[in-house]
Structures are given as structure tokens and as C-alpha cells.
Colleague: 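For reference, the structure I am asking about is given below.
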Amino acid sequence: MKKVTKAIFPVAGLGTRFLPATKSIPKEIMTLVDRPLIQYAIDEARAAGIKEFIFVTARGKSALEDYFDIAPELENTLRKKGKTELLQTLKSTNMDSGEIAYIRQNKAMGLGHAVWCARRLMGNEPFAVILPDDVIAAEKPCLQQMMEAHAEIGGNMVAAMEVPKEKTSSYGVLGVQQDMGSVVSVNDMVEKPAVEDAPSNLAVIGRYILTPNVMRNLNKAKSGSGGEVQLTDAIAQEIGASGDVYGFRFRGQRYDCGSKAGFLQATVAFGLAREDLRDEFSDFIDSMVAAKTAAQ
Ligand code: UTP
């Protein structure tokens with residue numbers, strides 16, 4: 001089986017849930033503590049062995065491209081001031097020339113369409129897809145967990161987690177053929193089903209390892225749910241064809257940073273996880289909770 005070394009990062013969405021901020025700031029540049037969402041995604045991909053990073057961007061996203069570039073003036077200033085630690089932090093965000101590629105999606109026609117925009121760069125190889133607004137806190141990064149399972153089982157693999165039944169209509173949902181614990185084989189996959197039609201409460205979240213067949217399916221894709229080209233539909237087509245679609249229950253906590261509530265939860269969790277902030281921040285949270293309780 002060919003090793004997975006390429007990952008697509010679809011970042012061309014409009015981010016309407018964060019307007020007005022996203023009028024001029026790409027959602028993926030918003031920060032959890034002091035690192036933009038996109039940095040968490042890149043670090044996770046690197047840990048999983050990804051060597052080529054392909055961004056599907058759009059108008060208004062140039063801040064993303066700048067973020068990965070070198071910043072000579074800033075570096076010089078930090079060097080002169082002897083701020084070695086900060087300099088290292090800054091340099092760790094640089095991407096080598098040729099390691100990163102940007103492809104433009106000129107109309108937000110859905111996640112499937114965004115992935116399809118990268119087709120010419122993918123060759124006939126399996127590839128990963130990471131949605132940076134799904135941030136996953138885990139001892140072993142989620143994509144790395146998936147790569148290890150994928151090396152044994154192959155096929156198409158999607159990260160999955162149980163959600164309350166009434167929330168299934170917000171996700172792609174898996175029909176479970178065989179439950180093998182962390183891996184389930186899939187016999188159905190539906191994007192945002194009506195709650196009563198959801199085949200289970202096992203929802204797809206933003207990590208995928210896909211075969212080139214899925215890209216071929218996207219080539220032929222018609223608009224699915226919501227008038228957009230759905231990645232879910234292109235993966236679902238593989239269920240009957242090759243029979244190899246798996247859900248992977250990852251170990252970790254996922255935060256939906258594409259939603260305001262999820263982003264705030266992640267900010268609290270990542271703030272509390274930081275040694276340099278923990279004491280002051282948890283005192284503050286305790287005082288907020290105490291004040292709320294006293295007011296009730
Ligand atoms: P979302 O469903 O979160 O959409 O996309 P969005 O536009 O980013 O945000 P809202 O719903 O308007 O607030 C999931 C992922 O797919 C990418 C997004 O950038 C995000 O990473 N995407 C979505 C694209 O790249 N292109 C699209 O046409 C749609």
C-alpha cells in the first residue's frame with residue numbers, strides 16, 4: 001500500500017458563522033491561545049508523516065499564505081533583542097519552499113468541490129484531508145492514530161464520533177456494517193440526514209484518508225445535499241464499489257471551532273492545558289462560576 005504523504009486542507013469556505021470577523025480574517029487564522037487554527041492542523045499532519053501540504057484557498061485568504069512565509073524583519077528584531085525562544089517559535093511556523101501549495105477554489109461550491117480543486121496535485125495516490133476548524137486534543141494526534149489503523153486495513157477511512165441522535169442532522173452519518181471497536185466497516189454514509197433517517201449516531205468529523213477513486217468520483221459529482229458538491233457522497237460511492245469504507249473512533253476530544261460555542265470551549269480547554277496560563281486562568285474561571293452561582 002502506498003504511504004500517505006499528501007494532505008489537502010480545504011480552507012475556502014466563507015466562514016459565515018463568524019461574521020463580521022471573517023469579513024477580513026480567514027477563520028483558520030483565528031487563534032486558540034496564541035496559535036492559529038491552521039497551525040494545529042499542520043502540526044497534526046506532520047506528526048502523521050505528511051510531507052506535502054495542499055491548501056485550497058479563496059479570495060480574502062492571503063493572510064493564510066503570509067502566515068507560513070518567513071518574516072525576516074520580525075526575525076531580525078527578535079534576534080537583536082536576544083529573544084531566542086520567541087525566535088524559535090516564530091521559525092517553527094515557516095514552511096520550506098515547495099512543501100506547501102495553494103490552489104484556488106473560485107466559488108464556494110462545497111467541501112467535495114474544494115477537495116476536487118486539488119486533483120491535479122494528487123496523482124494516483126491515497127491522500128489525507130484535514131478540516132482545520134475541527135481541532136482535536138489528543139495524546140496521539142488523531143491523523144496519526146488513523147494512519148496506523150489505515151496501514152493495517154487500507155481503504156477509505158473517516159474519523160468518527162458518537163453524537164446525540166438529535167444532532168445527527170448537522171453531520172455526515174455512518175451506517176455501521178460491522179463494529180470492530182475503534183474501527184467500524186461502513187454500509188451507508190449520508191450527509192446531514194433528517195434525524196429520523198440517520199442510519200446511526202456515528203458522525204463523521206474532519207479527518208479523512210481517501211483513495212484516488214474518491215477523487216475520480218468527485219470528477220463526476222453532481223450537487224448533493226444543500227446544492228453543494230458533497231465529499232460524503234463521493235466516499236459513499238466506494239461502499240458498493242470496492243467495499244472499503246471505514247469509520248475510525250479516535251481517542252481524543254474534538255472541538256468544533258467552526259461554531260462560536262465550540263471555539264469558546266476550545267479556548268477554555270487549551271488555555272487550561274497551558275502551564276504558563278493555567279493558574280491565573282483557572283482562578284478567573286472559578287471566580288466567574290462563583291459569581292454566576294451567587295447571582296442565581
Ligand atoms: P463549513 O461547513 O464549516 O463552511 O466548511 P464554512 O464556509 O467554512 O463556514 P460557515 O458554515 O459559513 O460558517 C467545512 C470546511 O470545508 C471548507 C471550509 O473552509 C472548512 O474548512 N470549505 C467549505 C471549502 O473549502 N470550500 C467550500 O466551498 C466549502
Side-chain angles (χ1 to χ4, degrees), residues 6-32 36-42 44-45 50 53-65 67-68 100-119 121-122 127-136 142-143 158-161 163 167-173 190-193 203-208 210 214-215 218 221-235 254-266:
K6 295 183 181 182
I8 301 177
F9 300 79
V11 291
L14 298 174
T16 52
R17 283 169 289 171
F18 276 98
L19 281 170
T22 43
K23 191 176 160 198
S24 66
I25 304 168
K27 174 170 66 173
E28 301 74 17
I29 284 291
M30 297 195 314
T31 56
L32 284 181
L37 295 184
I38 196 66
Q39 185 68 57
Y40 292 90
I42 291 283
E44 186 179 329
I50 295 299
F53 304 79
I54 294 139
F55 280 70
V56 182
T57 69
R59 285 182 301 283
K61 301 268 181 173
S62 52
L64 261 169
E65 301 187 23
Y67 174 77
F68 290 114
I100 192 162
Y102 300 96
I103 289 281
R104 205 82 162 196
Q105 184 190 31
N106 57 17
K107 225 173 171 190
M109 289 172 65
L111 175 59
H113 183 264
V115 169
W116 174 80
C117 288
R119 66 200 177 281
L121 292 178
M122 305 319 289
F127 57 96
V129 177
I130 295 190
L131 306 190
D133 43 10
D134 271 336
V135 175
I136 301 167
C142 177
L143 190 64
V158 300
M161 67 178 212
V163 298
K167 296 258 171 80
T168 46
S169 56
S170 305
Y171 293 88
V173 181
V190 199
E191 186 62 29
K192 300 189 174 65
V204 176
I205 64 122
R207 303 290 183 273
Y208 309 78
L210 302 175
V214 172
M215 200 58 102
L218 286 170
K222 297 193 178 71
S223 290
S225 156
E228 298 185 330
V229 178
Q230 298 294 344
L231 183 58
T232 305
D233 296 345
I235 302 171
R254 171 253 189 183
Y255 298 96
D256 175 11
C257 291
S259 78
K260 287 187 264 271
F263 189 85
L264 289 172
Q265 287 159 17

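Note that ligands are numbered from 1 as they come in the structure, with each ligand's atoms numbered from 1 the same way.
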Colleague: Could you tell me which non-hydrogen atom of D134 sits nearest to which non-hydrogen atom of G206, and how far apart they are?
Modeller: OD2-N, 2.7 Å
Colleague: Identify the protein heavy atom lying closest to atom 1 (P) of ligand 1, giving its residue, its atom name and the separation to 0.1 Å.
Modeller: R17 NH2, 3.9 Å
Colleague: Protein heavy-atom contact under 4.0 Å for atom 8 (O) of ligand 1?
Modeller: yes
Colleague: Could you pull out the closest heavy-atom pair between Y171 and P193, with the gap in Å?
Modeller: O-CD, 3.5 Å
Colleague: Ignoring hydrogens and angles, tell me if any N or O in the side chain of Y208 forms a donor-acceptor pair with the backbone of I235 under 3.5 Å.
Modeller: no
Colleague: Side chains of residues 6-17: which donor-acceptor partners sit under 3.5 Å, not counting sequence neighbours?
Modeller:
residue	atom	partner	partner atom	Å
K6	NZ	L121	O	2.9
R17	NE	G258	O	3.4

Colleague: Is it the case that ligand 1 has an N or O less than 3.5 angstrom from some N or O of L111?
Modeller: no
Colleague: Decide yes or no for L231 and L218: does some side-chain heavy atom of the first lie under 4.5 Å from some side-chain heavy atom of the second?
Modeller: yes
Colleague: What atoms of ligand 1 come closer than 4.0 angstrom to any heavy atom of A108?
Modeller: 28 (O)
Colleague: Between V11 and ligand 1, which part of the residue brings a heavy atom under 4.0 Å of the ligand: side chain, backbone, both or neither?
Modeller: backbone
Colleague: Among all protein heavy atoms, pick the one closest to atom 25 (O) of ligand 1 and tell me residue, atom and distance.
Modeller: A12 N, 2.9 Å
Colleague: Need the ligand 1 atom indices (1-based, order shown) with element for anything under 4.0 Å from a heavy-atom of K27.
Modeller: 3 (O), 6 (P), 8 (O), 9 (O)
Colleague: Any N/O of G258 closer than 3.5 Å to an N/O of ligand 1?
Modeller: no
Colleague: What residue and atom, counting heavy atoms only, is the protein's closest point to atom 24 (C) of ligand 1, and at what distance?
Modeller: G13 N, 3.4 Å
Colleague: The criterion is salt bridge (charged side-chain N to carboxylate O under 4.0 Å, His left out); which residues satisfy it with D256, sequence neighbours excluded?
Modeller: none
Colleague: To the nearest 0.1 Å, how far is atom 28 (O) of ligand 1 from its closest protein heavy atom, and which atom is that?
Modeller: G110 N, 2.8 Å
Colleague: Where's the contact between A114 and ligand 1, heavy-atom distance under 4.0 Å: side chain, backbone, both or neither?
Modeller: side chain
Colleague: How far is atom 12 (O) of ligand 1 from its nearest protein heavy atom, and which residue and atom name does that atom have?
Modeller: T16 OG1, 2.6 Å
Colleague: Might you point out which heavy atoms bring F53 and A45 nearest each other, and give the distance in Å?
Modeller: CE2-CB, 3.9 Å
Colleague: Please name the pair of heavy atoms, one in V190 and one in T232, separated by the smallest distance, quoted to 0.1 Å.
Modeller: C-CG2, 4.0 Å
Colleague: Is there side-chain contact between L210 and M215, with heavy atoms separated by less than 4.5 Å?
Modeller: no
Colleague: Hey, which atoms in ligand 1 end up nearer than 4.0 Å to a heavy atom of Q105?
Modeller: 24 (C), 25 (O), 26 (N), 27 (C), 28 (O)
Colleague: Under a heavy-atom criterion of less than 4.0 Å, does K107 contact ligand 1?
Modeller: no
Colleague: Which ligand 1 atoms, with their elements, are less than 4.0 angstrom from a heavy-atom of E28?
Modeller: 19 (O)
Colleague: Could you pull out the closest heavy-atom pair between E65 and T57, with the gap in Å?
Modeller: OE2-OG1, 4.1 Å
Colleague: Any nitrogen or oxygen of P132, main chain or side chain, under 3.5 Å from a nitrogen or oxygen of ligand 1?
Modeller: no
Colleague: For the residue pair L143 and E44, what are the closest heavy atoms and their distance?
Modeller: N-OE2, 2.9 Å
Colleague: Closest non-hydrogen protein atom to atom 21 (O) of ligand 1, residue and atom name please, with distance?
Modeller: P10 O, 2.8 Å
Colleague: Of the backbone atoms (N, CA, C, O) and the side-chain heavy atoms from C-beta on, which set of H113 has a member under 4.0 Å from an atom of ligand 1: side chain, backbone, both, or neither?
Modeller: neither
Colleague: Do Y102 and F68 have side chains that approach each other closer than 4.5 Å (heavy atoms only, starting at C-beta)?
Modeller: yes
Colleague: Which of the numbered atoms in ligand 1 are under 4.0 angstrom from any heavy atom belonging to M109?
Modeller: 28 (O)
